Q: 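Sharing a structure, written as structure tokens. Questions coming.
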Protein chains: 2
Amino acid sequence: MERELLLLGLLRAHGMHGYQLLEFVDTQMAFCVDLKKPTAYFLLDKMAAAGWISFEQGQEGNRPPRRVYHITPEGEVVFQRLLRENLASYAPTRFATDIGLAFADVLSKPESAHLLEQRRIAVQEQLTAAQNAPPHPGGVQLIIEHQIHHLMSELQWLNDVIKRMQIQIAGS
Amino acid sequence: MERELLLLGLLRAHGMHGYQLLEFVDTQMAFCVDLKKPTAYFLLDKMAAAGWISFEQGQEGNRPPRRVYHITPEGEVVFQRLLRENLASYAPTRFATDIGLAFADVLSKPESAHLLEQRRIAVQEQLTAAQNAPPHPGGVQLIIEHQIHHLMSELQWLNDVIKRMQIQIAGS
DNA sequence: TCATGAATAGTCAATACTGACTAATCAGTA
DNA sequence: TACTGATTAGTCAGTATTGACTATTCATGA
């Protein structure tokens with residue numbers, strides 16, 4: 001339900017139409033949520049059907065009419081529940097890139113080490129990007145800090161694994 | 001493609017039927033992959049259609065016949081490609097539990113701090129479970145070590161955030 | 001003024017994933 | 001032996017997600 005939480009949270013600020021929501025998520029929160037356009041509209045439809053949000057046809061200038069969504073009182077109740085559930089829990093993190101590690105011994109140690117060095121560069125790049133991100137509004141800043149903390153931890157771990165592999169190479 | 005990588009990697013060891021694959025993933029790798037039964041059969045069908053794996057009807061005792069899957073030479077080529085791609089790259093991690101942070105200021109600081117303390121307990125429990133996991137075969141052990149490293153880093157960060165909130169409460 | 005490309009706003013068919021179900025066999029036991 | 005619950009093996013209908021597409025408006029500059 002984290003995307004529902006996100007959309008409800010954004011709509012609490014003020015009514016928005018689908019594209020506006022999408023744009024905000026894409027530009028301000030791309031690093032922590034992946035929300036595609038059809039998924040967003042699907043979720044909006046679903047939440048409207050559930051009565052968590054309402055919408056009216058809005059017209060602006062000559063543009064084609066569009067749905068402007070608002071959070072309903074029931075939606076606000078759901079938002080608060082989802083928020084509390086979210087803050088109190090921790091969903092175990094699955095790293096997609098971990099599966100390769102299970103089979104790293106299929107390749108030679110030097111090749112594995114070399115490939116993981118490329119991975120290290122990728123992590124380093126993401127870290128630099130996060131550190132150079134312009135300040136974001138309110139709580140989003142907290143998420144960026146989390147990302148930075150996490151990426152630094154990943155870098156440290158990767159360095160450790162690579163070092164261990166190199167010792168094994170030297171010792172063989 | 002990380003699930004394809006996983007299934008191919010497991011089938012490299014020896015031919016297996018769907019249920020066997022599922023069972024291994026469920027018992028040995030549940031903490032790092034989430035693979036539901038219908039998804040597994042779906043992927044096996046798809047990979048068989050692509051020629052990455054083959055199967056024959058196997059019979060054992062009086063049990064109903066079942067498909068025993070084997071990796072093909074083309075499948076081995078794909079496996080090696082996917083493995084190298086996986087090791088060399090780093091998919092940015094999205095933490096589902098981060099979204100709540102963006103809206104934490106909706107609640108009072110004491111309540112937020114209290115909820116995050118519950119989250120800390122959840123993280124701590126997962127850490128203890130990972131630390132007490134029996135030794136796993138080969139590369140899977142590496143993934144467990146990664147999880148432990150990550151959970152310790154999460155704990156440290158959470159402690160820091162909670163502490164900051166408590167200072168803000170005291171100072172207000 | 002009238003192409004041209006970017007921005008706006010959204011839809012749709014196809015793919016991927018899951019919860020809930022079926023159905024057979026086996027192991028234990030009353 | 002006949003019943004019960006666990007294990008094995010898989011399917012299917014419904015839900016979720018996505019890539020690719022449509023269609024309008026706006027800005028611009030030749």
Side-chain angles (χ1 to χ4, degrees), chain A residues 1-8 10-11 14-30 32-50 52-53 55-70 82 91-92 94 96 99, chain B residues 1-8 10-11 14-30 32-50 52-53 55-70 82 91-92 94 96 99:
Chain A
M1 303 300 273
E2 74 261 8
R3 288 137 114 142
E4 283 86 345
L5 175 62
L6 174 63
L7 292 176
L8 288 174
L10 294 178
L11 287 177
H14 53 85
M16 281 192 251
H17 51 92
Y19 206 80
Q20 236 173 324
L21 285 162
L22 244 310
E23 176 129 66
F24 183 86
V25 173
D26 259 25
T27 60
Q28 305 294 308
M29 305 184 74
C32 61
V33 223
D34 180 28
L35 185 64
K36 302 285 194 297
K37 219 181 330 174
T39 310
Y41 283 108
F42 172 77
L43 291 175
L44 288 170
D45 277 359
K46 212 186 53 169
M47 292 198 292
W52 301 356
I53 60 178
F55 59 86
E56 83 272 0
Q57 293 295 327
Q59 189 99 32
E60 200 178 313
N62 247 357
R63 302 210 128 280
R66 57 197 178 181
R67 290 178 168 185
V68 179
Y69 294 94
H70 293 270
L82 292 179
R94 260 93 186 211
I99 288 169
Chain B
M1 303 298 273
E2 72 260 9
R3 287 136 113 140
E4 284 86 345
L5 175 63
L6 173 64
L7 293 176
L8 288 175
L10 294 177
L11 287 177
H14 54 85
M16 282 192 250
H17 51 93
Y19 206 78
Q20 238 173 321
L21 285 161
L22 243 311
E23 176 129 67
F24 183 86
V25 172
D26 259 26
T27 61
Q28 305 294 308
M29 305 182 74
C32 60
V33 225
D34 180 29
L35 186 63
K36 301 287 194 296
K37 220 185 323 180
T39 309
Y41 283 109
F42 171 77
L43 291 175
L44 288 170
D45 278 358
K46 212 186 53 167
M47 292 198 290
W52 301 356
I53 60 177
F55 59 86
E56 82 270 0
Q57 293 295 328
Q59 189 98 31
E60 200 177 314
N62 248 357
R63 303 210 127 277
R66 57 196 177 184
R67 290 178 167 185
V68 180
Y69 294 93
H70 292 270
L82 291 179
R94 260 94 187 211
I99 288 169

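Chain A is the first sequence line, chain B the second, and so forth, proteins listed ahead of strands; every chain is numbered from 1. For clarity, every value in this text was computed on a predicted model and none was experimentally measured.
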Q: With a 4.0 Å cut-off, would you call B:Asp34 and B:Arg3 a salt bridge?
A: no
Q: Under 3.5 Å, is there a donor-acceptor pair between the side chain of A:Gln20 and the main chain of A:His17?
A: yes
Q: Between B:Leu7 and B:Leu35, is any pair of side-chain heavy atoms under 4.5 Å apart?
A: yes
Q: Between A:Glu56 and A:Arg67, is there a side-chain heavy-atom distance shorter than 4.5 Å?
A: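 Side chain of A:Arg67 against side chain of A:Glu56, heavy atoms only: no contact under 4.5 Å found.
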Q: Can you check each nucleotide of nucleotides 10-19 of chain D against protein heavy atoms at under 4.0 Å and return B for base, S for sugar-phosphate only, - for none, in 5' to 3' order?
A: BBB---SBBB
Q: Tell me every residue that passes side-chain hydrogen bond (donor to acceptor under 3.5 Å, both in side chains) with B:Glu4, counting only those two or more places apart in sequence or in another chain.
A: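 With sequence neighbours excluded, B:Glu4 shows a side-chain hydrogen bond (donor to acceptor under 3.5 Å, both in side chains) to B:Lys46, given in chain and number order.
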Q: Flag the pair A:Leu21 / A:Leu44 as yes when at least one side-chain heavy-atom distance between them is below 4.5 Å, and no otherwise.
A: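 Yes - at least one pair of side-chain heavy atoms lies under 4.5 Å apart.
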Q: Between B:Asp26 and B:Lys37, is the closest basic N to carboxylate O distance under 4.0 Å?
A: no
Q: Under a 4.0 Å heavy-atom cut-off, which of residues 20-29 of chain B touch DNA chain C?
A: none
